[in-house]
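Input: a single structure, listed below in C-alpha cells.
For the single chain, residues carry numbers from 1 onward in sequence order.
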Amino acid sequence: MRRKFLHMMRDVRLLSQLRRRHFLWPAAIGVGLAAGYNAVLPLVISTTNVRPTVEHMLDAWSGGKSRISGNPEISFWPEPTLTLRSATIETTDGSSRKLAHIGSITATFSLFSAIDGTPALDDIRLIEPVVTLERRTDGTLNWQRPHWLSTPDTQAAEKDTPFGDVTVENGRLQIIDLVTNQTREFSGISGTVSWPSFTKQLSARLSGSLGGQTVAWTLECNEPLMLLTGRDAALKTSLSSAALSLSFEGNGNLSPAPTAAGRLQVSTASLQALAAWYKGKAAGALPDSGFSLSANVTSGKASLKLDELQVTLGGANATGILDIATPIDDTHRVEGTLAFDRIDLNGLQPFIDPLEPDELTQQLGDAFARSWRADVRLSAQEALIGPLRLEDLAAGVIIDHGRASIDVADSTYANGRLSGRLAASEEGLAGGGRLELVLKNADLAAALADFGFTGPVPTGRGNVNLDLTTEHPFWRAQVAEASGRIRLSLANGNLTGFDAIAFANLVRAGEFFSLAQASDGNFAFQTADIEASFGEGSARLNRALFAGQTGNLSVNGVIPYRSGSLALAGTYTDTLNAGQRLRFFVGGSWPNAVISPLSVLGEPN
C-alpha cells in the first residue's frame with residue numbers, strides 16, 4: 001500500500017512539471033516576439049520624412065511656418081506612437097514672430113503607412129501648447145487665414161490637410177489687444193477637438209482657467225468648413241463658468257462681418273461677481289442680483305434684433321423685443337418694447353446710481369448716453385419706485401445725444417391716475433434732473449402715508465401737480481436740496497387730527513397751546529387748495545385754504561425743512577360764531593406745532 005502511494009505522488013510531481021513547461025514556453029516565445037518587434041521595426045520604418053510631414057501638417061492647419069527642433073521618437077508598445085518635441089509656429093510675413101509653441105506632439109499611427117516614412121497620424125496630442133492671438137492697432141490679427149479656408153474646392157482641401165481627433169493638454173492662450181492695451185490669458189486648457197474630415201462634424205470640448213475660474217467651452221457644427229469660410233452653418237456652442245453661463249444654437253458664420261440667427265441664453269447668479277471676474281477686482285457699482293437673458297437673436301452687419309426676449313434683473317421680469325443698430329456713419333440706436341410683470345427699481349438703485357462709480361462704469365455710461373439714441377417702451381403690472389407703488393404702468397425711456405428722460409404716459413397710483421416725466425441731467429440720474437408729476441382723482445391720504453407724513457394731513461380725493469429740480473439723486477437724502485413747486489386741490493375731505501371747534505376755542509382763550517391739544521377730531525371741508533414753492537432748504541407755503549361748513553382755515557408762511565421748524569401765519573373764520581376771524585401764529589416743529597394767538601403776541605408786557 002505504501003509503495004502504491006509513493007508511485008502516485010511521483011506521477012503528480014511529473015504532471016506538475018510538464019504543465020509548468022507548457023506554460024513557460026509560450027510565455028518565453030511571446031517575450032521574444034515582443035523584443036524582436038521593438039528591435040526590428042525601428043530598422044524597417046524610416047523616420048527621415050516624419051518631421052517634414054508633421055511640419056507640413058502644422059503649416060496647413062495654422063497658415064503659418066512651422067519648425068520642429070526635436071528628433072522624432074517612435075515606440076511600438078502598446079501601440080505605434082510618434083513623439084516630436086519643441087514645435088514652433090511663426091508668421092509668414094517676413095517678421096518671423098512667434099504665433100505658437102508646442103512642448104511636444106504625440107500621435108498614434110498605422111505600421112503600414114509608416115514604412116515609407118509618411119505615417120498617417122491618429123489621436124494627436126498637443127502637450128503644453130502656448131498660442132498668442134494679437135489684435136494690432138490697425139484691427140488685423142497676427143494669424144493669417146490658412147489656404148484651405150480660401151479653397152472653394154472642399155475635396156482638394158480634404159486631400160491636402162489631414163484632420164482627426166486633436167487632444168490638448170495643459171495649453172495656454174494669450175489674447176493681446178494693442179488697441180485697448182489689454183491682455184487676457186487662458187491657462188490650463190485641456191480637451192479635445194474632433195474633426196475627422198472637412199465634410200464631417202466638428203466637435204470641440206475644451207476647459208481652462210480664466211481669472212481664477214474654470215471655464216468650459218463646447219462647439220458642435222455639422223458643416224464647419226462653411227462656418228470658417230464665412231458662409232452660414234448650423235452650430236451649437238456654450239460657455240460656462242461659476243460667474244457666467246452662455247449658450248447659442250442656430251446658424252452663424254465667421255466672416256469679417258459675422259452674422260448669427262438662433263436662440264441665445266445668458267445668465268449669471270451675481271452681476272457683482274461677474275464684473276469682479278471680468279475686471280479682476282471687486283465691483284460695487286453693480287447690484288448683487290442675478291441676471292438672465294433669453295432671446296431669438298438675428299444679427300446683421302450693423303444690427304442686432306432680440307425677439308421673444310425674456311429678461312430677469314433685480315426682481316424685474318420682462319418680455320419683449322429690441323432692435324439695436326450700430327451704423328458706421330450714423331448714431332447707434334436701441335428701439336423696442338419691454339413688458340414687465342413687476343419692476344423694482346429700488347433693487348436696481350446700485351446699478352442706476354452707484355455710490356462709488358468706478359472708472360469703467362462711468363465711461364460706459366457716458367459713452368452710451370452721448371453716442372446712442374434709445375426709444376424703448378415699457379409696461380408693467382406693478383412698479384416700485386422709492387415709496388411709490390404704481391400699477392398698470394405705461395412708460396417710455398428716451399435717450400438722445402446726452403439727454404435722457406423717462407416719460408410715464410399712464411399708471412395707477414393711490415386709486416388715481418399718475419403721469420409725468422423725469423428728465424435726467426447730462427450727468428445721468430446720479431446728477432439729478434427735473435421731475436414733473438400729475439396725479440389726478442387720487443386718494444391723497446394713501447399718497448401722503450407712502451411718504452411718511454404724520455400729524456394733521458388732508459384726506460379725500462384730489463389732484464397733485466409737482467415740478468421738482470435737483471442736482472442730487474431723487475432717492476437720496478440730498479433731495480432736501482431740491483427746488484420746485486407743488487399744488488394740491490381736494491374736494492369733500494377731512495383734515496385729520498384737527499378739531500376745528502377746539503382749536504377756535506383755544507385761540508379765543510388767548511394762551512399759547514400745542515396743536516396736539518386740538519387733535520381729537522377731524523375738520524371736514526368741501527374744498528382744499530394748497531400751493532407751495534421750495535428751494536434752498538426751505539418751503540414757502542404760498543396758500544393753504546380749507547373751506548368747510550363750520551369754518552374756513554387759511555395758512556401761509558415758511559417751513560425751513562432742514563431743521564423741521566415752522567414759521568406760519570394763519571386765520572380761522574368761525575362760521576358757527578358769526579364769522580369771527582381768529583388770527584394766529586404757528587411755530588415749533590411739525591407735527592409738534594405750537595400755536596400763538598395773535599392777541600397774545602400783540603399785547604404789551
Side-chain angles (χ1 to χ4, degrees), residues 53-66 89-93 97 99-100 102 121 124 126 129 131-136 138-168 171 173 175 177 186 189 191-206 217-239 246-264 296-305 326 328:
T53 298
V54 177
E55 288 177 342
H56 175 74
M57 177 189 70
L58 294 177
D59 291 348
W61 279 3
S62 65
K65 179 60 180 175
S66 306
I89 303 175
E90 298 175 343
T91 59
T92 58
D93 56 5
R97 296 190 62 184
L99 298 172
I102 305 171
L121 303 181
I124 300 170
L126 308 181
V131 179
T132 301
L133 180 62
E134 181 180 278
R135 183 172 74 145
R136 302 168 178 145
D138 60 358
T140 61
L141 299 178
N142 58 335
W143 287 78
Q144 295 180 346
R145 291 170 63 90
H147 71 275
W148 54 270
L149 285 180
S150 305
T151 303
D153 187 353
T154 303
Q155 293 182 352
E158 178 96 35
K159 295 178 181 179
D160 186 54
T161 307
F163 278 89
D165 291 342
V166 179
T167 300
V168 178
L173 172 62
I175 302 177
D177 192 338
F186 293 80
I189 300 175
T192 302
V193 178
S194 178
W195 194 1
S197 69
F198 282 111
T199 58
K200 299 293 181 61
Q201 182 191 61
L202 168 64
S203 175
R205 281 168 173 72
L206 298 170
W217 174 69
T218 65
L219 171 67
E220 292 182 3
C221 181
N222 290 330
E223 298 175 302
L225 193 60
M226 293 182 64
L227 174 71
L228 297 172
T229 54
R231 292 171 290 175
D232 285 342
L235 63 97
K236 182 191 298 185
T237 185
S238 67
L239 184 147
L246 182 150
S247 66
F248 174 81
E249 183 173 1
N251 295 320
N253 63 66
L254 295 178
S255 64
T259 62
R263 192 69 183 175
L264 173 68
N296 289 336
V297 176
T298 304
S299 67
K301 182 177 181 181
S303 65
L304 175 65
K305 182 176 182 179
T326 57
I328 298 176

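Atom CD in Glu223 sits 12.5 Å away from atom CG in Asn253 (nearest 0.5 Å). For the atom pair NZ of Lys65 and CD of Gln144, the computed distance is 13.5 Å after rounding to the nearest 0.5 Å. Of the inter-residue distances, the one linking Leu254 atom CG with Arg231 atom CZ reads 12.5 Å to the nearest 0.5 angstrom. Taking CG of Leu126 as the start and CD1 of Ile102 as the end, the distance is 5.0 Å to the nearest 0.5 Å.
Just one residue in the list Leu133, Thr91, Thr132 forms a side chain to side chain contact (heavy atoms under 4.5 Å, CB included) with Leu99, and that residue is Thr91. Partner Leu202 forms a side chain to side chain contact (heavy atoms under 4.5 Å, CB included) with one of Asn222, Val193, Leu225, Leu227 and no other, that one being Val193.
Phe248 is listed as a side-chain neighbour of Leu235, based on a closest heavy-atom distance under 4.5 Å. For the pair Lys236 and Arg263, the minimum side-chain heavy-atom distance is 4.5 Å or more. In this structure the side chain of Val297 never reaches within 4.5 angstrom of the side chain of Lys305, judged on heavy atoms.
The side chain to side chain donor-acceptor pair (under 3.5 Å) search around Thr326 returns none, not counting sequence neighbours. Taking the side chain to side chain donor-acceptor pair (under 3.5 Å) definition, one finds that Asp59 meets it with Ser66, sequence neighbours left out. Judged as a salt bridge (charged side-chain N to carboxylate O under 4.0 Å, His left out), and not counting sequence neighbours, Glu55 has no contacts.
Checked by atom type and distance alone, the side chain of Asp232 never pairs as donor or acceptor with a backbone atom of Asn251 at under 3.5 Å. When atom types are taken as modelled, the side chain of Ser62 and the backbone of Leu58 share a donor-acceptor pair closer than 3.5 angstrom. The backbone N or O of Leu141 sits nowhere less than 3.5 Å from a side-chain atom of Arg135 that would complete a donor-acceptor pair.
What you find for Thr237 and Thr218 is that their closest heavy atoms are OG1-O, 2.8 Å. Leu304 and Ser299 make their closest contact through CD1-CB, 3.9 Å (heavy atoms, listed as atom of the first residue, atom of the second, distance). The two residues Asp165 and Ser194 come nearest to each other via the heavy atoms OD1-OG, 2.6 Å. Between Ala233 and Cys221, the shortest heavy-atom contact is CB-SG, 4.0 Å.
Within a 6.0 Å sphere centred on CZ of Arg97, heavy atoms belonging to other residues, nucleotides or ligands number 12 at most.
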(message) Using the rule given for side-chain contact (heavy atoms from CB on, under 4.5 Å), can you reason through Trp61 versus Ile89, listing the C-alpha separation, both sets of side-chain angles and the distance that settles it, and then say yes or no?
(response) CA-CA 11 Å; Trp61 279 3; Ile89 303 175; over 6 Å; no
